[in-house]
Structure formats: structure tokens, C-alpha cells
Amino acid sequence: MSKSAYYLGVDIGTTSTKAVLFSNNGEVVSMHHETYPLYSPTPQVAEQDPDEIYIACKKAIAGAIQKGHIDKDALHLVSFSAAMHSIIAIDVNGKPLTKSITWADSRATAWAEKISTDLNGHEIYRRTGTPIHPMSPLAKITWLRNEHPDTFEVAHKFIGIKEYIFEKFFGEYVVDHSIASATGMFNLETRNWDTEALNVAGITEEQLSTLVPTTHVLRSLRPGIASELGISATTPFVIGANDGVLSNLGVNAIDPGVVAITIGTSGAIRTVVDKPITDPKGRIFCYVLTDKHWVVGGPVNNGGMTFRWVRDELASSEVETAKRLGIDPYDVLTKIAARVKPGADGLLFHPYLAGERAPLWDANARGSFFGLGLHHKKEHMIRAVLEGVIFNLYTVFIALEEVIGTPEKIQATGGFARSDLWRQMMADIFNQEVTVPESFESSCLGAIVLGMYALGEIEDFSIISEWVGSTHAHKPIKDNFEVYKELIPIYIRISRLFKDEYRDIARFQKKWVHEN
């Protein structure tokens, strides 16, 4: 590699697109991000304008290149990460018939339930690796077919947001195996579209993009695009993968036995295996990184958003105090929670404020405090919420253990990793050492390492271990673990017992809260 080699990683996320320019030793040279709105006129709707994201993507790339002050010829590649599960109906002229329907959109809930119970959903999951849930394009397309037939009938193709952008750049509809493996319609063994899943959705292979490996390279940008981006027209573009699997690569959680746990707004737990694996109980996903690397794990809806809810709805006086003192309100709240013993004196919180994906895969799930007594105060509730988020991730961890065995190491990332209390909670609840890697923009870093691999600049992913160090390490405290060990079975039983109640209260809320 030349001394002047640079690599651009682009991450098309739920709230923004960011572009990060790296040098050939993994250091960040420059970065730029552009935000865009999420349109949610009702609680069930979560959409975005695909053209707003396309414009943001171009601005992010151009911004990072401009800030980096590099020669065009020194840019070796652009490689992409993208959020999963989006779907856009496109007409024959390439115009969107719908907005980009994101993973958070729950309008397909009833159809996901029907696929699961009446249309052989579990067997489709076992072949495709995507749990049957309203987040999946399989459920969304089925919903469009049955509830919006006028749109469905004129749709030429059904694509995700990365496919939309790549078509704008190159004039081709291509989808990488990684994004495809999160649609619920990609057969993990054959690496082709799954016939039964397509039949359920009511579409043909021709209505989906052409499948390509995550290492697929495109080189000829449409006229005018290169000058907008500030790069050479022949710069290699690597299609890349989805943001989850690339985050594992970007935090050096790719070796056997290493688990990456992320808590941002939502959360996820993932590990890499060498062949596709699905769960007989349907609790975890299996997505593609490369033809030799598969990522299994589970996403949770309720991570940092739950702590934000506490801040906004339960802690107004603490927030005001923090503002007067010039302190981060979250630091104040974690200090308050730290005054309470592990286990919050017998108060449990199920953090299902936005339904839940893994391990329940139940969009109807709702949050609750359990065990609340007169001896509990606000600080107990704050601590119970923080513990509840970790308990929920631990239930996904249990599912992973059953499928792949006990992991050996946890790499923890995301906004929660700034909190010493939350990191120690994770070590105590999981009874495992928790390490916080020294990484920056892990999905973008993972994208450029995958891109280097695609172009043959590296033979494997071992270079990532040279680029990612560690900042914090926490070992479990035995006494704390003993407390949590008693509470975890209670926590799990409650969520299992409440399935019918979750359904009924969700119906009530839809009827009397959201529509009135």
C-alpha cells in the first residue's frame, strides 16, 4: 500500500449518513455527516424520504473528501455500510411509489403474525435467518400487497435504501448478500432468493435487485456524480454490508468466542460464526458478512431511548439541577442510580417501550415495573431501568449460548459505554469480563476493512486487531452476580407470561390512545 492511500467508509444510518475518511493505518483523517428526518405521523409509521437520504449521502461523501484535503487519485476506495430492513416500492421509471419504510415501522404487525402462524413462517425463518417480525421486508411487502394493492400492483421493484442510492450512482439495481439476508427472503444455504418467501410476499425474483457478494466492486459512476462527490469517476465503490455485521468487524469482534454488544438508541448483541446458524426457537438472526463469515445475534429496540425516557419523563428536577451546574443530566442520573444496591431492592423493569425484537419478537410488548413497593424511591426506578436494559440483552445472550456455546469475551460499544456504572452492570449481569474497544465509527471502519479485502489489499481481517485497542475493562463482582442470578429467572418468566396481555393492551392503546 502506498503511503498516500486513503479509504472512505460511508454509513447510511437511520438518522443520518456519515462518511469517514481513513488513512492506511486506520486513523481518522476527516468525517462529515448529514441528518434527515423520520416521518412518523402515527406511532405505527416510521418512514423517510429516499431522495433526502440520497442527497445527504452525496453531501456526506463530498464533505469528508473536502475536509480531508486529499488528492483524488489517493482515494483507493469507497465502501458502504447501511441500516437493514428498509423497503421502497419503485415504479418502472425508478421513481419511488412509497417512502423508505424503515425497520421501526410496525404497520405490518398483523401480517407478520399471519406469516408466523399460518404461512409456515418458522420454516422460512430457519432458511432465511430473519425472524418473522414487522421490521422485515418480507412482512412489509406482504402488508403492501394486501392492504395497499393499488401501489403493489404498479410496483416494478421492491428495494432498500442502499440499492436506491447505488442505482442513482451506477444505474444498476444490486443488493449485497448482507442486506439481502436481513429481508427474510434470502436463502442462507443457496445464497439466492427463497422461493417460498417470495410466494408469501407475492413477488418474483425480477422484482428484487440482483444479488451480489459483499465484496462486489463497481467502478463507473454516472456522468456528473464524481464531480459532485469530489472524487475520480473510476474510484472503486465496494457495495459492502449491513451496519450490524460491519460493526462487529469494526470493533474487532470477529474471532470465535468474541461477542459485540452495542447499546445506542436501540441495542444489539452479535458474534461471528463460520457457517449459517439459526435457532430452533426463532430468537436470533443470522446475517452474512462474507461467504466465510456469518453474524448471529439479536437486536433490541430499547436501549438508550429508555434512559432518555427516564430523563425526560421522570427526572425533570434532576435535569434542571444538572443544567445549572453545567453537568450532563445522564451523569447525574447514573450517580443517583449508583446509590442503590444491585437489584434495586427487588424492583424489575421490562424496557419494552417500543415493542421488542429479540428475544420476544413481539411488536405488542410493553414496558412495566414489577415488584414496586412503598420502600422504592425514584433512584430505585432509575437503577431498575438501567438494569432492565442489560437484563433484556442478557436474555438474547442466553439464546446465543444455547446455539453456539458460551462466548469468551465481550466487546461493549455505544453511548452506554461512557457510563462506568452501566459497564459494570453488564459485567455483573453477564458474569463476564467486559472490554470497551478503542474504536471510532465502527461500521465505517468495518466497511473500509471489507473494502480493502474486496480489492485484494489485505488477505484477511487481521489488520483490524492492529487498529482497535481498548479503553476500559470490567470484571464481574461476585456478590453482585449472585443478586442478579436470583432476579434473572423472574425477569424472564414475566415477559413470557404476559404475551396475551401485551397483545390486549396494545389493542387498547391503538383504539383509545393513538386514535383519540
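Heads up: numbering here begins at 1 and tracks the sequence.
- Minimum heavy-atom separation, Gly129 to Thr278: CA-CG2, 3.7 Å.
- With values rounded to the nearest 0.5 angstrom, Trp193 atom CH2 is found 12.0 Å from Glu206 atom CD.
- Thr413 and Thr262 share a donor-acceptor pair across their side chains, judged by distance under 3.5 Å alone.
- Note: Tyr491 and Phe391 have tilted aromatic rings, judged against thresholds of 30 and 60 degrees for the angle between ring planes.
- Between Phe508 and Trp512, the ring planes are tilted. Angles from 30° to 60° get that label.
- With a 6.0 Å radius and a threshold of 12 heavy atoms from other residues, nucleotides or ligands, Phe170 has its CZ atom above the threshold.
- Dense packing is recorded around NZ of Lys67, with more than 12 heavy atoms of other residues, nucleotides or ligands lying under 6.0 Å away.
- Here the shortest heavy-atom pairing between Leu138 and Ala201 reads CD1-CB, 4.1 Å.
- Look at Arg107 and Glu147 and you find no salt bridge, because none of the NZ, NE, NH1 or NH2 atoms lies under 4.0 Å from a carboxylate O.
- Ring geometry for His148 against Trp143 counts as perpendicular: the plane angle is over 60°, on a 0 to 90° scale with 30° as the lower cut.
- Contact record, Leu353 with Asn302: N-OD1, 3.1 Å, taken as the closest heavy-atom pair.
- At distances below 3.5 Å, at least one donor-acceptor pair connects side-chain atoms of Thr102 with backbone N or O atoms of Ala46.
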Donor-acceptor contacts under 3.5 Å from residues 57-66 side chains, at least two apart:
| unit_1 | atom_1 | unit_2 | atom_2 | d |
| --- | --- | --- | --- | --- |
| Lys58 | NZ | Glu228 | OE1 | 2.9 |

Start with the C-alpha gap between Arg311 and Val319, add the side-chain angles, then the distance that decides, and say whether side chain to side chain contact (heavy atoms under 4.5 Å, CB included) holds.
-> CA-CA 7 Å; Arg311 182 199 67 184; Val319 170; 3.6 Å; yes
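- Relative ring orientation between Tyr330 and Phe307 is described as tilted, the plane-to-plane angle lying within the 30° to 60° band.
- Applying the side-chain hydrogen bond (donor to acceptor under 3.5 Å, both in side chains) rule to pairs touching residues 160-174 yields Asp51-Tyr164, Lys162-Asp176, Glu163-Ser209, Glu167-Arg222, sequence neighbours excluded.
- Nearest heavy-atom pair, Ala338 versus Leu421, reported as atom, atom and distance to 0.1 Å: N-CD2, 3.9 Å.
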Dump the intermediate steps for side chain to side chain contact (heavy atoms under 4.5 Å, CB included) on Phe349 and Leu386, then the final yes or no.
-> CA-CA 9 Å; Phe349 179 72; Leu386 297 179; over 6 Å; no
Taking it one step at a time, do Met426 and Ile261 satisfy side chain to side chain contact (heavy atoms under 4.5 Å, CB included)?
-> CA-CA 10 Å; Met426 179 174 285; Ile261 301 181; 3.5 Å; yes
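- Side-chain atoms of Asn364 and Arg503 form no donor-acceptor pair, as typed in the model, at a separation below 3.5 Å.
- For the pair Arg145 and Trp111, the cation does not sit on the ring face, since its NZ or CZ is not both under 6.0 Å from the ring centre and inside 45° of the axis.
- Between Ala197 and Met185, the shortest heavy-atom distance links the atoms CB-CA, 3.8 Å.
- Side-chain contact of Tyr502 with Ser495: a donor-acceptor pair under 3.5 Å is absent, judged by distance alone.
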Carefully, step by step, assess His177 and Phe186 under the rule ring pair (Phe, Tyr, Trp, His ring centres under 6.0 Å).
-> CA-CA 8 Å; His177 287 169; Phe186 177 81; 5.3 Å; yes
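- Contact check on Lys114 versus Asp118 returns a salt bridge, with a Lys/Arg side-chain nitrogen under 4.0 Å from an Asp/Glu carboxylate oxygen.
- Annotation: the span from Ile87 atom CD1 to Leu144 atom CG amounts to 8.5 Å, rounded to 0.5 Å.
- For the salt bridge (Lys or Arg N to Asp or Glu O under 4.0 Å) test with Glu318, the passing option among Lys323, Lys335, Lys378 is Lys378; the others fail.
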Audit row: Phe166, Phe80, ring pair (Phe, Tyr, Trp, His ring centres under 6.0 Å) steps and yes/no = CA-CA 10 Å; Phe166 265 71; Phe80 280 75; 4.9 Å; yes
